[in-house]
Amino acid sequence: MADWIVSTLRAYPELAIFLSLAIGFAVGPRKVAGFSLGNVTATLLAAVLIGQLGIAISPNVKSTFFILFIFAVGYGVGPQFVAGLTAEGPRQIGFSLVVLILCLVSPLLCAKLAGLDLGYAAGLYAGSQTISASIGVASDQIARLGLPAEQAKTYLDQIPIGYAVTYIFGTIGSAIILAQIGPKLIGIDLVKACKDYEQKMGAGQTSEAGLISAYRTIEMRAYRIPDDPGVVGRPVREIWPGLRVFVERVRRGDRILEADGTTVLQPGDVAAISGRRERLVDALSPMLEEVQDRELLDVPAEVVDVFVTSRAVAGKTLEEIATNEWARGVYLRKITRHMIEIPVLPRTEILRGDILTLAGGQRHVEQAIKQLGYPDRTVETTDIAFLAMGIVLGGLVGAVSYKVGGIPLSLSTTGGALLAGLVLGWLRTVRPVFGRIPGPALWLLNTLGLNVFIAVVGISAGPGFVAGVKAVGLSLFLWGALATAIPMVLSVYIGWYVFKFHPAILFGACAGVRTTTAALGMIQEAAKSKIPALGYGMPYAIGNTVLTIYGMVIVLLFS
């Protein structure tokens, strides 16, 4: 049976790839002492183990899946990346660029001092900075150096060794430095800092009804309106200030009227009022007679994700947005930025490319959508023509090569695909009628593209992996730990003393530059707050792009 399985995997290497994925995704999320390998590292190690069987896989397979992954990366971060380069977050951009220089120089110097070969250096960079995407870019550049085939293969096989040895501390070490050590370095109480920042952002305040009441359970109840001068004879927007409740419809005799902020109630009317359940129960029910009126309460409602494209709302806080008449009766449940949920607070700023989960009456929600952007309703289709042509155009641009000092320089097809993804992802915020890639599809492109690439790299490098680890393992691990720690420690000091970030968002910004979501999760856990995620988005968009390109830079500097 064992011989048959081995011979089958050799004959059908695609099965070996999927076996690596199955093992990697089964083992990767499992935590030991609070830490896990992660899907990518677990898949790589599984692939290396399977690669001991001597399985040959065409390099075109890894190139195809990696270019899918890299385009999806660009498409996902494009809106905030392009917006940030023009108008948004100049302080975060400056901080990101300074830290990114450290993220290049630190592993470069460590590799030089350790006397590492080119492949190990590229792997040390990728693992210590936890940027798996750079493996593909570095591999492409090595292939373009015109080296003898055997030498090129040696370097390519060294990359996954360097990555695997340094990645674990790259992830765990970054999380510990930012979540546990970082606050002590600058002498702050992270939990208190986040609570203070929440108050600064308007947590717990009462204000004009609108989007800021987004995150609570919403109900609608029917109440009979008494002959009370505090309720009748005045626009409904002036009644019950600060309660964040809305008159949606009114029954007046045999008629049902759709209400807006200017509607004036009359004695005997029955009003359908929406709002947070505790507001309706605690504030309105003692004052008004609640009645059962199914027809009046039968209001079409919906929950929809909205992709923000409007320049008019970009950079504005929820508190400011809530003052618009079109925000009336709309409730914001969630804000998602770069697949990370950020806190919903009155002074949370909305950026183009954010996804807002809105709930409310269909009439109100549709009005809000027109002002915010484009409805990101659940669909099952991806614009494959857009996806494929974007990769082709980006790849053609990246394939153009120039020689400098005898060394061919180019973006490579993967670098071109990244650039195309950035531009097309941003263009969709301008004209969202094309280029539809649903969130789940984008996640699949990211996850499957990267991990199939990693599986092929691991299987191909498998035969020499064990010998390589024995030769450079401990030394490489220690140099990798140093390459991880230096930028992270310095980023805390630079963000605090030079760029003067509030400590509540400082550590999220540090995690964002290094694109380490695991560290962000630990920071939020230590802070007992989601506030650190507010500093994550813009640095992540810039870091994800620049760190990937650095894979090519490392190769060029070493070669």
Determine, stepwise, if the pair S529 / Y197 fulfils side-chain hydrogen bond (donor to acceptor under 3.5 Å, both in side chains).
CA-CA 10 Å; S529 170; Y197 199 82; over 6 Å; no
Hey, can you pull the donor-acceptor pairs under 3.5 Å for the side chains in residues 123-131, sequence neighbours left out?
from: Y125; atom 1: OH; to: L547; atom 2: O; distance (Å): 2.6
from: S128; atom 1: OG; to: L124; atom 2: O; distance (Å): 2.7
from: S128; atom 1: OG; to: Y125; atom 2: O; distance (Å): 3.4
from: Q129; atom 1: NE2; to: A483; atom 2: O; distance (Å): 3.1
from: T130; atom 1: OG1; to: R514; atom 2: NH2; distance (Å): 3.1

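With R352 contributing its side chain and T309 its backbone, the two residues share a donor-acceptor pair below 3.5 Å. Judged by distance alone, with hydrogens and angles left aside, the side-chain atoms of N324 form a donor-acceptor pair with the main-chain N or O of I321 at under 3.5 Å. A donor-acceptor distance shorter than 3.5 angstrom exists from the side chain of S491 to the backbone of M488, with no hydrogens or angles considered. Put simply, the side chain of T348 never gets that close to the backbone of V344: no donor and acceptor are under 3.5 Å apart. Remark: side-chain polar atoms of R333 are not paired, donor with acceptor, to backbone N or O of A359 under 3.5 angstrom.
Scored by the side chain to side chain contact (heavy atoms under 4.5 Å, CB included) test, F169 finds F477, A481, T484 as partners (sequence neighbours excluded). For the side chain to side chain contact (heavy atoms under 4.5 Å, CB included) test, residues two or more places apart in sequence or in another chain that qualify with L21 are F18, F25, T43, L448, N451, V452. Listed by chain and residue number, nothing satisfies the side chain to side chain donor-acceptor pair (under 3.5 Å) test with Q367 (two or more places apart in sequence, or in another chain). Residues that satisfy the ring-ring contact (aromatic ring centres under 6.0 Å, His included) test with Y167, not counting sequence neighbours, are Y163. Considering only residues two or more places apart in sequence or on other chains, F69 meets the ring-ring contact (aromatic ring centres under 6.0 Å, His included) condition with F66.
Taking a 6.0 Å sphere around CD of E14, one finds it holds more than 12 heavy atoms contributed by other residues, nucleotides or ligands.
Summarising the geometry of S139 relative to I159, their closest heavy-atom pair is OG-CD1, 3.8 Å, with the distance given to 0.1 Å. Smallest separation of non-hydrogen atoms from A533 and Q524: CB-NE2, 3.4 Å. Contact detail for I23 and A46: the closest heavy-atom pair is CG2-CB, 3.7 Å. Closest heavy-atom contact between R363 and E248: NH2-O, 3.3 Å.
Taking 4.5 Å as the limit, some side-chain heavy atom of R91 sits within range of a side-chain heavy atom of F501. Counting heavy atoms from C-beta outward, F71 and L445 have side chains that stay 4.5 Å or more apart.
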